[in-house]
Number of protein chains: 2
Amino acid sequence: MLKLSKKADYGLLAVNHLTLYRSQGSVSARDIGKTYRIPVGLLAKVLQRLVQKGLLKSEHGANGGYRLAKPAEFISALDVISAIDGPVVITSCKTERGECVQTPACTVKEPLRRVNDRIVEALSSLSFAHINNPTFRLAAN
Amino acid sequence: MLKLSKKADYGLLAVNHLTLYRSQGSVSARDIGKTYRIPVGLLAKVLQRLVQKGLLKSEHGANGGYRLAKPAEFISALDVISAIDGPVVITSCKTERGECVQTPACTVKEPLRRVNDRIVEALSSLSFAHINNPTFRLAAN
DNA sequence: GAATATAGGACTGGAGAGGTCGCATATGCT
DNA sequence: AGCATATGCGACCTCTCCAGTCCTATATTC
């Protein structure tokens with residue numbers, strides 16, 4: 001349906017929160033969840049995944065939580081989305097479980113691949129530094 | 001997961017087929033289904049939807065089938081996709097069943113809306129005349 | 001050692017995608 | 001007329017996978 005998963009939405013929201021509050025050290029999943037009314041357990045999973053992918057760093061224990069692993073301008077929406085949902089591919093032509101049966105005869109996969117490239121480009125040009133710039137614009141607009 | 005539905009894929013494939021064979025009059029769902037190994041019953045549903053939305057015209061009876069309702073340059077990938085899957089909106093911010101609970105506090109909906117615009121733009125600039133032009137390029141590349 | 005974090009696996013409910021079937025209707029052919 | 005072949009459309013079914021919960025282990029602070 002060409003929609004981001006809720007997990008990806010939550011991830012974007014959380015990373016942006018960590019960007020906004022990065023001067024205050026770590027923020028817990030609990031705090032972020034409360035702020036945006038996201039189920040805390042689920043959000044924790046999402047954040048753990050972002051740690052695994054090297055986008056965030058975590059701190060255990062009281063006063064622990066999450067913080068950005070690098071400056072906000074080096075974290076893109078694509079980074080977050082693909083960390084959570086896997087690679088951005090709008091078609092089902094090929095997945096980890098092989099190709100779809102249409103692939104050999106498919107006359108539209110090449111154009112769709114180009115559309116896909118455009119989407120990837122738009123998402124990767126959108127960093128969190130960018131997002132919080134009040135006068136931001138997407139690149140190449 | 002930011003993927004087109006199979007129905008949308010089938011629709012794109014079918015409309016492109018009708019574009020390629022438009023000089024030969026109507027083509028049945030059965031023929032198209034066999035060509036691309038698409039379940040015929042399902043494909044028929046998809047094509048009927050495209051008729052409802054005014055993209056195709058249908059003819060009942062023997063030697064009936066489907067054909068484009070207008071020249072291929074006036075039918076875009078976006079037309080087909082949104083006819084089948086509904087409007088292209090990558091977020092769950094708002095649907096026909098109201099807004100998500102995050103919306104008021106959401107800090108990323110505006111940037112995502114812009115990404116969405118880019119996707120819509122890419123899909124709407126992709127006509128079927130365009131797709132079958134061997135040297136095609138997406139607009140604004 | 002109590003409180004508060006993350007880490008991560010197991011599990012469940014439910015929505016929705018993908019697909020099937022049956023029947024009505026329309027058209028062409030013999 | 002009668003049959004074969006189309007579309008039109010609603011009901012239905014299955015099965016995957018997203019969204020969310022729960023539980024336990026581990027780490028850190030006070």
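Quick note on labels: first sequence line is chain A, next is B, and so on, each numbered from 1. Below, each value reflects all heavy atoms present in this structure, side chains not excepted, and no hydrogens, waters or symmetry copies.
Considering only side-chain N and O atoms, A/Y10 lies under 4.0 angstrom from the phosphate OP1 or OP2 of D/dG20. At least one side-chain nitrogen or oxygen of B/Q52 sits closer than 4.0 Å to the OP1 or OP2 atom of D/dC9.
Side chain of A/H130 to main chain of A/S125: a donor-acceptor pair is present (N/O by atom type, distance under 3.5 Å, no hydrogens or angles).
Two residues, A/V51 and A/M1, neighbour DNA chain C, and the one matched to the more 5' nucleotide by heavy-atom proximity is A/V51.
Nucleotide C/dG18 holds its P atom 10 Å from the CG atom of B/L4, rounded to whole Å. Between the CG atom of B/L47 and the C1' atom of D/dA6 there is a distance of 12 Å, rounded to whole Å. In this entry the distance linking CG of A/L2 with C1' of C/dG16 reads 16 Å, nearest Å. For the pair A/L42 CG and D/dC22 P, the computed distance is 13 Å after rounding to whole Å. Remark: C1' of D/dT16 and NZ of B/K6 are 12 Å apart, rounded to the nearest angstrom. For B/R49 and C/dG19, the CZ to P distance is 17 Å, given to the nearest whole Å. Per the geometry, CG belonging to A/L43 stands 12 Å off P belonging to D/dT21, to the nearest Å. Between the P atom of D/dA6 and the NZ atom of B/K34 lies a distance of 10 Å, rounded to the nearest Å.
Side-chain contact, B/D79 with B/S76: a donor N or O sits under 3.5 Å from an acceptor N or O.
Counting atom types as modelled, B/K45 pairs no side-chain N or O with a base atom of D/dT7 as donor and acceptor under 3.5 Å.
Of the candidates B/L55, B/V51, B/V27, B/Y66 forms a side chain to side chain contact (heavy atoms under 4.5 Å, CB included) with just one, namely B/V51. The side chain to side chain contact (heavy atoms under 4.5 Å, CB included) test with A/V80 singles out one residue from A/L4, A/L123, A/V15, and that residue is A/V15.
Using a 4.0 Å cutoff on non-hydrogen atoms, no part of residues 15-23 of chain A comes near DNA chain D. Residues from residues 56-72 of chain B lying near DNA chain D, meaning a heavy-atom separation below 4.0 Å, are B/S58, B/E59, B/H60, B/G61, B/A62, B/G65, B/Y66 in numerical order.
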Chi angles and distances behind the side chain to side chain donor-acceptor pair (under 3.5 Å) call for B/E59, B/S26 = CA-CA 7 Å; B/E59 280 153 18; B/S26 296; 2.7 Å; yes

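Applying the 6.0 Å contact sphere to NZ of A/K70 captures more than 12 heavy atoms from other residues, nucleotides or ligands.
Between A/T103 and A/K109, some side-chain heavy-atom pair lies under the 4.5 Å cut-off. The shortest side-chain heavy-atom distance between B/Q102 and A/D9 does not fall under the 4.5 Å cut-off. Side-chain contact between B/P111 and A/I131 is present, with at least one heavy-atom pair separated by less than 4.5 Å.
Of the candidates D/dA6, D/dG8, C/dG18, the closest approach to any side-chain atom of B/Q48 belongs to D/dG8.
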